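One structure is given below, encoded as structure tokens.
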Amino acid sequence: MLLIQRKIREPFGDRVLLVIIYTVLGLLTLTVLYPLLYILSSSLSSPDAVVSGKVWLYPVEFSARAYKSIFQSTQLMRGFYNSLVYTVVGTFINVSFTVLMAFPLSQRTMPGRKYIMLLMMITMFFSGGLIPTYLLVKNLHMLDTRWALWLPGAFSIFQVIIARTFFMSSIPAELQEASQMDGCRDMRYLWSVALPLSKPIIAVMTLMYAVGHWNAYFDALIYLRSETLFPLQYVLRNLLILNAADPEMLANTAQSLRDKGFEEVLKYALIVVACVPVLIMYPFVQKHFVKGVMIGSLKG
Amino acid sequence: MVQTWTRVKRSWELYLLVLLPVLYLIIFKYIPMFGVIIAFKDFNIIKGIMGSPWVGFKHFHNLFSSPNFPLLIKNTLLISFYSLIAGFPVPILLALALNEVRTGFFKKSVQMITYAPHFISTVVMVSIIILMLSPHVGVVDHIFSFLGFSNINFLGEPGLFKSIYVWSGVWQEMGYASIIYIAALSAVDPSLYEAARMDGASRFKKIIHIDLPTLIPITVTMLILSLGNVMAVGFEKIYLMQNPLNMSTSEVISTYVYKVGLLGANFSFSSAVGLFNSIINLILLVVVNAIARKVSENSLW
């Protein structure tokens, strides 16, 4: 038998539409990409070139001086370390709490799960607001401790709902029946059957929570006072937005600070350094999170 | 009754699992909810919440008669409606366009690049805005002076604040926000497209008659959620973008609550403002949801 590969010719109107779509998408992508490239290039250029506007796409008069002085600043390195601690411990608390909440809510046999669900959903629409929450944290003596950054946001309701949907729809009910036949109780089932099957959703959840912790500065702003506890984003805010020059950091670059341009380049380099950890993680999980959103939105 | 009791007993392990998160909800969500009563008291830090004297609606009176009040409401509403109108259609259009692209590499690159800014922190995002827009040294200024415009202090112009806030937000979130629509479009049965093609429908017609109707339920849900958040414009970004020059157009309710409440230690007044804000939000959510149910049979509850 003859297989004839026949391609249906696209009508003229369709081809015009496609050209428009490709052009628009291409332009949009360039608009997103350009600022990012510009920042990277500026951070690697000489102060003179940045301030005088010679940099517009690639680095001019290449220089990595800004990065050197960042890695010599104890304040920034401490911020890095603190952010790492907040992110690792915080994400662990978030993921554990989310699973602990989502798994029981996914079990149809559990009496009263509707009430627990309601208890949870109400907090999505009603909240005490900034001041009462602050007073609570103060009364619990968590002000100016790391706990203030871990406990008040122990899990996100949105993530619980996604995880619950995943447990209900993507793990075959037969598995549970079979394991119950074998004498497997709820906790054992969660640990040995459900969790190993939930790796994709846990990966996405971990990324979301981790990025949240890494990028958070507001909690630090209201709850922390001691400089030794400040996360990177808070340190960055002081340097980048408040322009509070750090004497320690300047000490390393005393003579170069006389030219205002170095401060500019330093800021571009700070931006790059702050984004690197997230950007390293991003490509690995990117395909997962698209899947994660699909699980949450479609089968719900 | 007896049956339920045996089921409860059989599920004891599940209750044990859920205990910690439920305790968390009660302590960190419900106790602050009762804490809002300080909005009706003259809160005194030594006497505590229970010991402070009741003052009724005093703080609400003060709010409504304050000269700042109309400006706060106006800025809050303008910024959030501007964000909604500018930001809501873009992800949908992006999803529709991406859905037409079949080649793998182009599609993947576009997705990967447009999603990325979502993961940039607010602090970094605002720094980027400030650096690129700063007069004399920012890249935008260089471009503008190349085109013959004199130096513009973008963030110092009250009239430009809202546009900068909104469009930088669209830049950052359009890709990521499109994911949910892409997911919805990927659920369309391919045989529908084939049938349409047999009937001689053009690409444009397929978008209008297949893709758009597919997106309506999720669009309505997203719209309800964003309308319910109209009064809760993002505190962090606005606060970081504020400076004394643009304050007349950038001060919103949430930044005001923070400044008066925490920085000014005026806990009761600030709670009253916060409470007023969340009540408006709740009313909006309920109303919009009711309208959506009437009009399109899609609703949150």
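Here is the naming used below: chain letters follow the sequence lines, and residue numbers restart at 1 for every chain. On a predicted model such as this, the values are computed, not experimentally measured, just so you know.
- A:Tyr234 does not touch chain B: none of its heavy atoms, backbone or side chain, sits under 4.5 Å away.
- Residue contact with chain B, scored on non-hydrogen atoms closer than 4.5 Å, involves the side chain of A:Tyr38 exclusively.
- Using cut-offs of 30° and 60° for the angle between ring planes, the B:Tyr239 and B:Phe235 rings count as parallel.
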Legend entry - Working for side-chain hydrogen bond (donor to acceptor under 3.5 Å, both in side chains), residues A:Tyr268 and A:Glu264: CA-CA 7 Å; A:Tyr268 285 109; A:Glu264 290 291 309; 4.8 Å; no

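- Contact annotation for A:Val50: only backbone heavy atoms (N, CA, C, O) come within less than 4.5 Å of a heavy atom of chain B.
- Heavy-atom pairs under 4.5 Å with chain A peak, among B:Leu282, B:Ile113, B:Ile120, B:Val124, at B:Ile113.
- Of the atoms belonging to A:Gln233, heavy atoms from both backbone and side chain fall under 4.5 Å from chain B.
- Heavy-atom distances place the side chain of A:Leu135, and not its backbone, under 4.5 Å from chain B.
- Here CZ of B:Phe43 is found 11.0 Å from NE2 of B:His59. Values are rounded to the nearest 0.5 Å.
- Of the two parts of A:Leu100, the backbone and the side chain both hold a non-hydrogen atom closer than 4.5 Å to a non-hydrogen atom of chain B.
- Ranked by heavy-atom pairs under 4.5 Å with chain A, the list B:Leu263, B:Asn243, B:Ile128 is led by B:Ile128.
- If you tally non-hydrogen atom pairs under 4.5 Å between each of A:Leu151, A:Leu279, A:Ile39 and chain B, the highest count goes to A:Leu151.
- With hydrogens and angles ignored, the 3.5 Å screen pairs no side-chain donor or acceptor of B:Lys29 with any backbone N or O of A:Met120.
- At a 4.5 Å heavy-atom cutoff, B:Phe34 makes no contact with chain A through either its backbone or its side chain.
- Relative orientation of the B:His118 and B:Tyr176 rings is parallel, given thresholds of 30° and 60° on the angle between their planes.
- Side chain to side chain, B:Gln242 and B:Lys259 meet the donor-acceptor criterion of an N or O pair below 3.5 Å.
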Inset, instruction - Test side chain to side chain contact (heavy atoms under 4.5 Å, CB included) on B:Trp171 and B:Met125 and set out the steps. - result: CA-CA 10 Å; B:Trp171 180 85; B:Met125 185 65 210; 3.6 Å; yes

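- Looking at A:Ile20, there are no atoms closer than 4.5 Å to chain B (heavy atoms on both sides), in backbone or side chain.
- Top candidate by heavy-atom pairs under 4.5 Å with chain A, chosen from B:Ile27, B:Ile38, B:Ile143, B:Ile26, is B:Ile27.
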Distance-only donor-acceptor pairs under 3.5 Å for side chains of residues 27-34 of chain A, two or more places apart:
| from | atom 1 | to | atom 2 | distance (Å) |
| --- | --- | --- | --- | --- |
| A:Thr29 | OG1 | A:Leu25 | O | 2.7 |
| A:Thr31 | OG1 | A:Leu27 | O | 2.6 |
| A:Thr31 | OG1 | A:Leu28 | O | 3.0 |
| A:Tyr34 | OH | A:Trp56 | O | 2.6 |

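- With a 4.5 Å cut-off on non-hydrogen atoms, A:Leu105 does not touch chain B at all.
- Both the backbone and the side chain of A:Thr133 have a heavy atom closer than 4.5 Å to some heavy atom of chain B.
- Highest contact tally toward chain A, considering only B:Val36, B:Ile279, B:Leu240, is held by B:Leu240 [criterion: heavy-atom pairs under 4.5 Å].
- Of all the listed residues (B:Ser270, B:Ser127, B:Gly138), the one sharing the greatest number of non-hydrogen pairs under 4.5 Å with chain A is B:Ser127.
- Contacts between B:Met174 and chain A at a heavy-atom distance below 4.5 Å involve the side chain alone, from C-beta outward.
- By number of non-hydrogen pairs under 4.5 angstrom with chain B, the leading residue of A:Pro35, A:Cys275, A:Gly129 is A:Pro35.
- One N or O on the side chain of B:Lys41 and one on the backbone of B:Ser52 form a donor-acceptor pair closer than 3.5 Å.
- The candidate from B:Tyr24, B:Phe106, B:Tyr15 with the greatest count of non-hydrogen atom pairs under 4.5 Å with chain A is B:Tyr24.
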N/O donor-acceptor pairs under 3.5 Å from side chains in residues 211-222 of chain A, not counting sequence neighbours:
| from | atom 1 | to | atom 2 | distance (Å) |
| --- | --- | --- | --- | --- |
| A:His213 | NE2 | A:Asn94 | OD1 | 2.7 |
| A:Trp214 | NE1 | A:Ala274 | O | 3.1 |
| A:Asn215 | ND2 | B:Phe119 | O | 3.0 |

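- Both the backbone and the side chain of B:Ala116 have a heavy atom closer than 4.5 Å to some heavy atom of chain A.
- Using a 4.5 Å cut-off between heavy atoms, B:Leu275 does not touch chain A at all.
- For chain B, the nearby part of A:Leu136 is the side chain; its heavy atoms alone come within less than 4.5 Å.
- With hydrogens and angles disregarded, a donor-acceptor distance shorter than 3.5 Å links the side chain of A:Ser83 to the backbone of A:Leu232.
- Of the two parts of B:Leu25, only the side chain, counted from C-beta on, holds a non-hydrogen atom closer than 4.5 Å to a non-hydrogen atom of chain A.
- Here the side chain of A:Asp14 pairs no donor or acceptor atom with the backbone of B:Ser202 at under 3.5 angstrom.
- Nearest heavy atoms, B:Arg10 versus A:Arg185: O-NH2, 3.1 Å.
- For the set A:Leu236, A:Leu18, A:Val278, the entry with the most heavy-atom pairs within less than 4.5 Å of chain B is A:Leu18.
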Inset, instruction - Could you check A:Ser42 against A:Lys267 for side-chain hydrogen bond (donor to acceptor under 3.5 Å, both in side chains), going step by step and ending with a plain yes or no? - result: CA-CA 9 Å; A:Ser42 297; A:Lys267 287 179 177 179; over 6 Å; no

